[in-house]
Amino acid sequence: MHGLTADPSAEPGQDLPGDAKQACGAEACDGVRQRVERSLETLESACRELDRETMTAFRLTVIVPVFNERRTLPQVLDRIDQVMPSGTETIVVDDASTDGTAQWLDQLPSRPDRVIIRRGRNHGKGSAVRLGIRHSRGEIVAIQDADMEYDPEDLLDVITPIQRNQANVVYGSRYLAESDDTSRLHRFGNWLLTATSNCMTGQRLTDMETCHKAFAGDLIRSIPLRECRFGFEPEITGKLASRQEAIIEVPTGYRSRDYSEGKKITWQDGLAAFVCMWRYRTGGWPRRAAAGAVRVVFRSCRWGRDRIRGRSVDAEQGTDEPTSQ
């Protein structure tokens, strides 16, 4: 067999036989294909990273704790979608509902901006909120009940001061705006709880028990919480006070419902709230309690005096009316 020789002056591949030319072409194609595949893999990796950053960079997280709210939960979620800004993450924590809420949640289509957490056993609102906070990724974390007593649109006013870097914590007060809560007992109970909380923490709130609360995300995720039921409200208020975090209030609307409509808080929860206030009290509470008691006595005396004067004026006006002949 004779060896192959090539003319040095000839162009590469000019005198190569057909099989050799095909081999060179195949090698070139393989090299191009490998470079294309590497480029596609790099592009795919970059797209996945971009998707991950987009999914985690939420400006706002709204936590919706829910227990047996099948009738109102769809309205709340629809309302959140309608009024909340883009880049809002919604976390629904179903606390072992038994009214069909869990089954309805299972039928919802998957969305990158909605997280649904289901629990096998009921632990209470505070525990559900705590779980939602742990899963939150928003720069701002807000709380919205699932019963439509509070309109999610009012939550926008609550988060606005944090968006403008005017505060780290904002509560929406039902008593700075018009409320349809006609129960004097309920209003008195809220006043008593808030006044006691102010004495124990040094805060100056009008509505400690409000649902509408918003926090800077990093702040609320850094606070260890333990209360499982409605004790979350006095606990977070006391722990914010211990960190010397100022709480500002803005008006929020409120549509009261009764127990026949599914209201769940009871007088036992009120007693438990007083225990929580004592547990999370801050220094200086005896002085604040004494000052608060003095204010209550003074205001009560002034209220009684005004009532007596009002009756006296009504009586005088009644005697001045001419009698009919």
Side-chain angles (χ1 to χ4, degrees), residues 53 55-65 80 84-93 113 115 117 123-145 150 152 154-174 176 193-194 197-198 200-252 273 276-277 279-285:
E53 292 177 358
M55 290 177 60
T56 57
F58 291 107
R59 295 294 306 278
L60 169 66
T61 295
V62 178
I63 298 173
V64 184
I80 289 175
M84 288 299 159
S86 60
T88 296
E89 175 189 45
T90 304
I91 299 180
V92 182
V93 183
D113 60 349
V115 178
I117 304 172
H123 293 272
K125 177 183 176 179
S127 178
V129 171
R130 190 169 67 239
L131 183 59
I133 291 172
R134 192 159 65 242
H135 285 82
S136 67
R137 294 173 287 178
E139 297 175 10
I140 301 172
V141 175
I143 301 172
Q144 167 67 47
D145 277 352
Y150 298 80
D154 293 328
L155 195 58
L156 294 173
D157 295 330
V158 179
I159 67 174
T160 295
I162 304 179
Q163 289 177 320
R164 296 176 177 174
N165 295 319
Q166 297 172 345
N168 286 327
V169 185
V170 183
Y171 285 11
S173 173
R174 294 166 287 182
L176 295 178
L193 289 168
T194 299
S197 174
N198 289 344
M200 294 293 105
T201 64
Q203 301 283 2
R204 298 192 173 208
L205 303 174
T206 63
D207 192 7
M208 180 270 298
E209 289 284 346
T210 179
C211 151
H212 272 176
K213 292 180 170 70
F215 314 88
D218 290 340
L219 171 64
I220 190 63
R221 284 187 286 267
S222 71
I223 299 176
L225 300 169
R226 56 174 287 187
E227 299 299 328
C228 289
R229 286 186 57 80
F230 295 99
F232 166 79
E233 318 292 355
E235 178 188 12
I236 189 59
T237 302
K239 289 187 173 180
L240 288 168
S242 67
R243 294 193 178 200
Q244 299 183 338
E245 286 286 349
I247 302 174
I248 70 171
E249 289 184 303
V250 298
T252 196
C276 291
M277 292 177 204
R279 182 179 297 149
Y280 303 113
R281 68 191 183 278
T282 60
W285 68 267

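Reckoned from all heavy atoms, side chains included, excluding hydrogens, waters and symmetry mates.
Taking CG of Leu156 as the start and CE of Met84 as the end, the distance is 4.5 Å to the nearest 0.5 Å. Put simply, OG1 on Thr88 and CD1 on Ile159 are 7.0 Å apart, with the number rounded to the nearest 0.5 Å. In this structure, CZ on Phe232 lies 14.5 Å from CZ on Arg226, to the nearest 0.5 angstrom. Atoms CE and OG1, on Met208 and Thr194 in that order, are 5.0 Å from each other to the nearest 0.5 Å. Atoms CZ and CG, on Phe230 and Leu193 in that order, are 12.5 Å from each other to the nearest 0.5 Å. Between the OH atom in Tyr171 and the OG1 atom in Thr210 there is a gap of 9.0 Å [rounded to 0.5 Å].
Looking only at distances, no side-chain donor or acceptor of Thr201 sits under 3.5 Å from a matching main-chain atom of Gly238. Between the side chain of Thr282 and the main chain of Met200, a donor-acceptor pair closer than 3.5 Å is present. Side-chain atoms of Thr237 do not come within 3.5 Å of backbone N or O of Pro234 as any donor-acceptor pair. No donor-acceptor pair under 3.5 Å is formed between the side chain of Asn168 and the backbone N or O of Ala216. No donor-acceptor distance shorter than 3.5 angstrom exists from the side chain of Tyr150 to the backbone of His212, with no hydrogens or angles considered.
Nearest approach of Ser136 to Arg221, heavy atoms of both residues: OG-NH1, 2.9 Å. Here the shortest heavy-atom pairing between Val170 and Ala167 reads CG2-CB, 4.1 Å. Taking both residues in full, the closest heavy atoms of Ala142 and Leu155 are given as CB-CD2, 3.9 Å, listed atom of the first, atom of the second, then distance. Pairing each heavy atom of Cys211 with each of Lys125, the nearest pair is CB-NZ, 4.3 Å. Of all non-hydrogen atoms in Gly172 and Asp207, the two that sit nearest each other are O-OD2, 4.1 Å.
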Side chain to side chain contact (heavy atoms under 4.5 Å, CB included) for Asp157 and Thr252? Distances and angles first, verdict last. CA-CA 8 Å; Asp157 295 330; Thr252 196; over 6 Å; no
Working note: Ile80 + Val64, criterion side chain to side chain contact (heavy atoms under 4.5 Å, CB included); need CA distance, chi angles, decisive distance, verdict. CA-CA 10 Å; Ile80 289 175; Val64 184; 3.9 Å; yes
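Residues Arg59 and Ile140 are not in side-chain contact: their nearest non-hydrogen atoms beyond the backbone lie 4.5 Å or more apart. Between Val62 and Pro152 there is no side-chain heavy-atom pair separated by less than 4.5 Å. For the pair Ser197 and Gln203, the minimum side-chain heavy-atom distance is 4.5 Å or more. Side-chain atoms of Ser173 and Val250, non-hydrogen and from C-beta on, never get closer than 4.5 Å to each other. Under the 4.5 Å side-chain criterion, counting only non-hydrogen atoms from C-beta, Phe215 is in contact with Leu240. Counting heavy atoms from C-beta on, the side chains of Glu235 and Arg130 never come closer than 4.5 Å. Residues Glu139 and Leu60 fail the side-chain proximity criterion, which asks for heavy atoms closer than 4.5 Å. In this structure, the side chains of Leu131 and Ile91 stay at 4.5 Å or more apart for every pair of heavy atoms.
Side chains of Glu227 and Tyr280: a donor on one and an acceptor on the other come within 3.5 Å.
For Lys213 and Glu233, the salt-bridge test passes: some basic side-chain N is under 4.0 Å from an acidic carboxylate O.
By the 6.0 Å contact criterion, CD on Gln166 is enclosed, its count of non-hydrogen atoms from other residues, nucleotides or ligands being greater than 12. By the 6.0 Å contact criterion, CZ on Arg243 is enclosed, its count of non-hydrogen atoms from other residues, nucleotides or ligands being greater than 12.
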